[in-house]
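The structure appears right after this line, and notes come after that.
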Number of protein chains: 2
Amino acid sequence: MAAAMASLPGFRSAQEIHAELRRQGEAVGLTTVYRHLQVLSEQGVIDTIRDPSGESLYRQCGSTAHHHHLTCRQCGRSVEVEGRVVEQWAEKVAAEAGFTAVDHTVELFGLCPDHSG
Amino acid sequence: MAAAMASLPGFRSAQEIHAELRRQGEAVGLTTVYRHLQVLSEQGVIDTIRDPSGESLYRQCGSTAHHHHLTCRQCGRSVEVEGRVVEQWAEKVAAEAGFTAVDHTVELFGLCPDHSG
DNA sequence: ACTGGAAATAGAAACGGTTATCATTAACGT
DNA sequence: ACGTTAATGATAACCGTTTCTATTTCCAGT
């Protein structure tokens with residue numbers, strides 16, 4: 001089930017994933033979907049981002065290494081992008097300001113080639 | 001009132017701002033606080049970020065130019081940082097992937113020198 | 001001052017995503 | 001089969017935010 005859940009392409013909300021599973025005949029509850037998503041996320045199996053409205057979106061990614069996403073606002077399709085530049089920049093400004101335990105959130109949202117019209 | 005609202009130091013949630021105003025004697029409603037924050041945010045007078053839990057935080061910033069924030073998880077104190085590097089990186093990866101209308105979210109959260117212990 | 005209408009306001013209710021509760025069901029070892 | 005344990009899912013609670021709507025405030029014109 002975990003596999004089926006994460007096999008959907010692009011970033012999807014928990015509720016979309018739930019609806020899709022139901023459509024496929026899985027008699028799964030919303031609670032279980034949330035629970036599994038949380039576990040999978042903690043294990044690093046799937047990635048979690050937040051769209052501008054604050055909703056959480058999930059997706060199984062190809063790389064388990066640290067990376068960021070460029071996601072389509074329309075269809076959820078996303079590209080994995082890595083940003084050594086960003087990491088270094090984050091570390092630098094944090095050090096300059098004397099902050100510790102710094103974590104960073106970097107999300108890119110736009111329109112993919114199919115939805116640019 | 002708008003002035004009083006934004007005079008608080010550091011990033012604060014709408015509800016914290018509301019509570020603070022009430023403590024100061026202002027008989028203002030939570031609705032009004034949200035409404036003002038929204039207007040001020042649209043006008044670019046204050047900046048809005050989202051903390052890891054998804055809650056919105058507001059602050060009056062020194063610069064009206066585009067910049068990002070390094071914010072203390074404990075006290076909300078924040079440093080304004082500019083990241084030409086990040087902007088350029090974002091533009092580049094977006095162009096390479098053929099995405100348009102790309103917007104980016106870059107937030108840094110950590111512990112300020114006073115709360116690093 | 002008085003009036004009438006537009007704008008602002010505030011409390012309560014609604015909303016939406018997420019999380020907690022808890023009784024039920026499935027799974028497993030003995 | 002049996003008892004124990006973990007997983008499940010319907011429902012309700014939660015919490016920040018938004019909407020609703022009646023009321024109040026503001027102000028121009030008289």
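Everything numeric here is computed off the predicted structure, so don't read it as measured data. To find a chain, count down the sequence lines: A is the first, B the second, and so on, and within it residues start at 1.
Of all nucleotides listed (C:dG17, C:dT9, D:dG9), D:dG9 comes nearest to the side chain of A:R35. Distances from the side chain of A:R22 to the nucleotides C:dA10, D:dA10, D:dT17 place D:dA10 closest. Residue A:E55 places its side chain closer to C:dG17 than to any other of D:dT17, C:dA8, C:dG17.
Contact annotation: A:Q15 side-chain N/O to C:dG16 OP1/OP2 distance is not under 4.0 Å. Between B:T32 and the phosphate of C:dA10, there is a side-chain N or O to OP1/OP2 separation shorter than 4.0 Å. Not one side-chain nitrogen or oxygen of A:H36 sits closer than 4.0 Å to the OP1 or OP2 atom of D:dA7. Between B:Y34 and D:dT17 there is a side-chain N or O to OP1 or OP2 distance below 4.0 Å. Note on B:S56: every side-chain N or O is 4.0 Å or more away from OP1 and OP2 of D:dG16.
Distance check: A:L30 CG to A:R22 CZ gives 9.0 Å after rounding to the nearest 0.5 Å. Atom NE2 in A:H36 sits 12.5 Å away from atom CD1 in A:I17 (nearest 0.5 Å).
Neither side chain, A:T48 nor A:S56, offers a donor N or O lying under 3.5 Å from an acceptor on the other. The closest side-chain donor-acceptor pair between B:E82 and B:H66, if any, does not fall under 3.5 angstrom. Residues B:S116 and A:T100 bring a donor and an acceptor atom of their side chains to less than 3.5 Å of each other.
At a cut-off of 3.5 angstrom, the base of D:dA10 holds at least one donor-acceptor pair with the side chain of A:T31. Judged by distance alone with a 3.5 Å cut-off, no donor-acceptor contact links the side chain of A:R50 to the base of C:dG17.
Side-chain atoms of B:E80 come within 3.5 Å of backbone N or O of B:G62 as a donor-acceptor pair.
Taking atom CD of B:E26 as the reference point, atom P of C:dG11 lies 13 Å away to the nearest angstrom. In this structure, CG of B:L30 is placed 14 Å from P of C:dT9, rounded to the nearest angstrom. Taking atom CG of residue A:L37 and atom P of nucleotide D:dT8, one finds them 13 Å apart after rounding to whole Å. The separation between B:H18 atom NE2 and D:dG16 atom P is 13 Å, rounded to whole Å. In this structure, A:R12 atom CZ and C:dG17 atom P are separated by 16 Å, rounded to whole Å. Following rounding to the nearest Å, B:E16 (CD) and D:dC15 (P) show an atom-to-atom distance of 15 Å.
The C1' atoms of five pairs define one axis at each end of the helix from C:dA1-D:dT30 to C:dT30-D:dA1, and these two axes lie 10° apart (to 10°).
Ring pair A:H68/B:H104: centre-to-centre distance not below 6.0 Å.
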